Number of protein chains: 2
Amino acid sequence: MNHLPEQSADRSVPTSADVARLAGVSRATVSYVLNNTSAVRISEPTRRKVREAAESLGYVPHAAARSLRAGHTSIVLLPTARVPSGAFFGRFFTELHEALRRLDYTVVQYGSLGLGPDEAARAWAELRPVAVVSFGEIALTPHGVNVLKRSGARAVVTLGPECVEGAHSLVMDQRGIGARAVEHLIGRGCRNIGVVQPEEPALAPFSALRLAGARTAADGTGARVEPLALACDEKSAAALAARWRGLGLDAVFAHDDEYAMLLMRALQDEGIRIPEGTAVVGCDDTLIGRLLRPRLSTVHIDLVTGQQLAELVDRAVRAPDGTGEQHDVMETWVVHRESS
Amino acid sequence: MNHLPEQSADRSVPTSADVARLAGVSRATVSYVLNNTSAVRISEPTRRKVREAAESLGYVPHAAARSLRAGHTSIVLLPTARVPSGAFFGRFFTELHEALRRLDYTVVQYGSLGLGPDEAARAWAELRPVAVVSFGEIALTPHGVNVLKRSGARAVVTLGPECVEGAHSLVMDQRGIGARAVEHLIGRGCRNIGVVQPEEPALAPFSALRLAGARTAADGTGARVEPLALACDEKSAAALAARWRGLGLDAVFAHDDEYAMLLMRALQDEGIRIPEGTAVVGCDDTLIGRLLRPRLSTVHIDLVTGQQLAELVDRAVRAPDGTGEQHDVMETWVVHRESS
DNA sequence: TTGAAAGCGCTACCAG
DNA sequence: CTGGTAGCGCTTTCAA
């Protein structure tokens with residue numbers, strides 16, 4: 001814990017007691033007025049006095065004290081290791097936020113970079129969230145789920161590559177994504193298929209599984225699968241493209257649409273035609289892919305909408321006896337365009 | 001008392017009192033052991049007993065209770081209305097998160113969609129953050145800053161289009177961005193300049209200011225500035241491109257690189273050559289721009305690094321008497337490539 | 001209609 | 001070395 005200077009004692013933060021004193025009433029009355037408690041009736045003049053006192057002091061209730069007293073929070077925790085980049089997660093996140101807010105939850109994205117899975121779960125549990133929606137950048141273990149539930153979380157939802165015991169899991173089958181791409185490429189007659197492995201560490205868990213799925217799909221078909229390290233910059237792409245002909249590949253699954261754009265450009269600059277020389281498949285079905293020429297074939301992931309997920313969370317929170325554990329797998333399929 | 005197995009679905013959340021009871025010590029001792037308080041020395045056997053009891057109960061301290069007692073939190077609040085999209089903010093955010101974590105802050109992104117500026121400031125103040133770093137998607141008013149400071153925030157930093165009184169402001173001069181783009185285009189001989197106005201509401205405050213800056217730059221030069229509504233999808237872009245020749249424009253500032261890519265593609269599909277027929281300038285200097293053909297000219301914004309911003313926050317928090325209010329304007333300049 | 005007081009979980013002071 | 005205990009700010013029951 002870092003040692004912070006004491007908060008200004010001179011201009012200290014006003015409490016409900018200060019409001020009560022200024023309004024000439026008790027703390028209880030202040031609470032009743034400011035929370036519009038319907039169980040008790042407070043006279044209009046008193047209400048006004050309290051409101052004015054609160055206003056003039058700049059009183060803001062202390063969320064920690066309130067939730068301590070209440071015994072629960074309305075926090076929905078969205079752990080975020082890396083900020084999900086791109087249009088794919090972006091819209092989803094915004095939707096989810098909005099929907100949860102409409103349901104009167106306090107949405108908190110808690111950054112947990114550099115924590116192990118169980119450390120992270122503990123850190124989240126300290127906030128006593130009523131629900132946790134994890135996006136799989138951080139692995140949530142069964143033990144972690146247990147810690148969260150024991151700390152009072154009424155819903156734990158994971159949206160990741162694998163289902164997690166104890167949590168309501170929405171499985172985004174990363175192996176399946178790799179498999180879909182490679183099956184598609186094999187179907188188009190390709191036999192030597194590169195699979196991009198981004199060097200960005202946050203993407204490693206995804207790309208490793210996609211590679212595994214790609215291998216499974218190629219198994220026994222006579223096709224070859226070749227991992228290709230690639231950083232998200234032009235130099236790296238140019239270097240890869242420069243040794244492309246030596247690799248003897250006729251297709252590549254580029255991890256996502258952005259990497260696909262990067263690599264496609266480098267290959268084109270190297271004089272390699274797409275899809276004749278090399279077929280390219282991206283992932284996420286973003287706008288980029290439709291704007292590229294040739295138009296990019298891509299793996300579409302049928303992500304649940306933010307609204308639906310928010311409703312799922314809300315149902316689990318309100319359910320009488322915890323969440324019925326449930327596992328859904330998201331569909332994935334290839335959108336075939338011109339690059340393959 | 002029954003010993004609870006790990007997977008026991010116990011209704012009540014264990015507290016430090018439960019740990020104390022199980023370990024046969026007082027709550028104070030539990031606190032000392034689990035916080036490694038150096039002021040007191042606890043015997044090793046006692047420590048072990050406490051640790052084991054905590055472990056077996058799945059005890060997790062209650063952050064709200066702790067910060068209530070401590071009188072302050074170590075929360076740095078990052079309000080996020082819309083999730084900043086794209087590589088531009090993405091890396092910045094990740095950096096900032098990481099750097100703040102290294103400095104032992106609890107980073108909380110608090111979603112405040114659909115709240116007015118003062119409502120939002122109040123909601124943030126309820127969490128008693130030690131610092132707030134606002135990204136200008138939500139306007140922070142001087143009054144809002146005041147509310148936050150009064151609630152104990154020791155640093156309020158805004159990163160937005162304008163400086164905010166009372167806060168440490170990093171000004172990303174939106175007018176200047178529009179002006180830079182238009183000055184550049186005028187310098188390239190363009191006289192009829194479109195300025196894209198994204199239909200996405202979250203971008204409106206930015207694009208309106210950029211348009212204003214564009215107009216100022218064109219004023220008295222004989223150049224004409226024309227706002228162009230555009231949604232972030234192909235249909236909208238195609239529709240705009242279809243009536244392009246009728247607009248009589250010879251240049252366009254496309255708000256950002258993504259809109260530039262979208263519009264450039266639509267114009268090219270319409271048979272309009274770039275830059276000869278129409279010059280295009282984007283903004284943010286992202287990877288996309290370098291991959292496009294022709295390569296995209298763009299307005300580069302010299303954003304502070306996440307590390308630097310984290311250090312700024314930390315300094316302000318630790319400063320003996322609040323933050324010295326300060327205003328910095330970020331530099332912007334045009335990176336000239338092939339599209340203009 | 002209002003007030004007094006208990007107590008949420010935790011830490012820090014002060015006795016033993 | 002360890003335990004008792006006060007009190008952080010708030011809500012809510014019970015009493016006046």
Side-chain angles (χ1 to χ4, degrees), chain A residues 1 3-4 6-7 9 12-50 53-54 57-74 125-128 150-152, chain B residues 11-50 53-54 57-74 125-128 130 150-152:
Chain A
M1 208 95 220
H3 292 259
L4 304 168
E6 277 305 306
Q7 275 166 0
S12 71
V13 185
T15 72
S16 76
D18 297 321
V19 177
R21 208 171 305 124
L22 183 58
V25 299
S26 75
R27 271 150 65 225
T29 306
V30 171
S31 178
Y32 291 142
V33 172
L34 296 183
N35 294 313
N36 280 317
T37 308
S38 52
V40 288
R41 308 189 78 79
I42 307 276
S43 69
E44 200 45 54
T46 306
R47 302 182 97 89
R48 255 219 348 271
K49 268 195 304 191
V50 170
L57 287 174
Y59 169 72
V60 175
H62 194 307
R66 175 179 288 172
S67 68
L68 183 56
R69 168 67 220 221
H72 62 88
T73 70
S74 60
E126 290 191 1
L127 297 184
R128 297 290 191 271
R150 284 251 282 279
S151 83
Chain B
R11 282 286 295 160
S12 66
V13 183
T15 72
S16 77
D18 296 322
V19 177
R21 206 172 305 125
L22 183 58
V25 299
S26 75
R27 272 152 59 227
T29 306
V30 170
S31 177
Y32 293 143
V33 171
L34 296 183
N35 294 313
N36 281 316
T37 308
S38 51
V40 290
R41 307 197 82 76
I42 307 276
S43 71
E44 200 45 53
T46 308
R47 301 181 97 88
R48 258 225 336 279
K49 267 195 305 191
V50 170
L57 287 174
Y59 168 72
V60 174
H62 194 307
R66 175 179 287 171
S67 66
L68 183 57
R69 169 67 222 219
H72 65 259
T73 69
S74 59
E126 290 191 1
L127 297 183
R128 298 291 190 269
V130 71
R150 283 248 283 277
S151 83

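Quick caveat, the model's predicted, so the values are computed rather than measured. First the proteins, then the strands, lettered A, B, ... as listed; each starts at 1.
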Comparing B/S16 and A/R69 on DNA chain C - which has the more 5′ nearest nucleotide: A/R69

Check: [Y] main-chain N/O paired with [X] side-chain donor or acceptor under 3.5 Å:
{"X": "B/S26", "Y": "B/T29", "value": "yes"}
{"X": "B/T37", "Y": "B/A39", "value": "no"}
{"X": "A/T73", "Y": "A/R128", "value": "yes"}

At under 4.0 Å, does any side-chain N or O of B/T29 touch on OP1 or OP2 of D/dG3? yes

Does A/S26 put a side-chain nitrogen or oxygen below 4.0 Å from OP1 or OP2 of C/dA4? no

Between [X] ([atom1]) and [N] ([atom2]), how many Å, whole number?
{"X": "A/H72", "N": "D/dT12", "atom1": "NE2", "atom2": "C1'", "value": "13 Å"}
{"X": "A/D18", "N": "D/dG9", "atom1": "CG", "atom2": "C1'", "value": "11 Å"}
{"X": "B/R128", "N": "D/dC10", "atom1": "CZ", "atom2": "C1'", "value": "11 Å"}
{"X": "B/R27", "N": "C/dG7", "atom1": "CZ", "atom2": "P", "value": "12 Å"}
{"X": "A/L68", "N": "C/dT11", "atom1": "CG", "atom2": "P", "value": "12 Å"}
{"X": "A/L127", "N": "C/dG9", "atom1": "CG", "atom2": "C1'", "value": "15 Å"}
{"X": "B/R66", "N": "D/dG7", "atom1": "CZ", "atom2": "C1'", "value": "17 Å"}

Non-hydrogen atoms of [X] and [Y] that approach each other most closely:
{"X": "A/V50", "Y": "A/V19", "answer": "O-CG1, 3.9 Å"}
{"X": "A/R150", "Y": "B/P14", "answer": "O-CD, 4.0 Å"}
{"X": "A/R47", "Y": "A/I42", "answer": "NH1-O, 3.2 Å"}
{"X": "A/Y59", "Y": "A/T15", "answer": "CE1-C, 3.5 Å"}

Candidates D/dA6, D/dT11, D/dG9 - which lies nearest the side chain of A/H62: D/dG9

Contact residues, residues 31-49 of chain B to DNA chain C [heavy atom, < 4.0 Å]: B/S31, B/Y32, B/N35

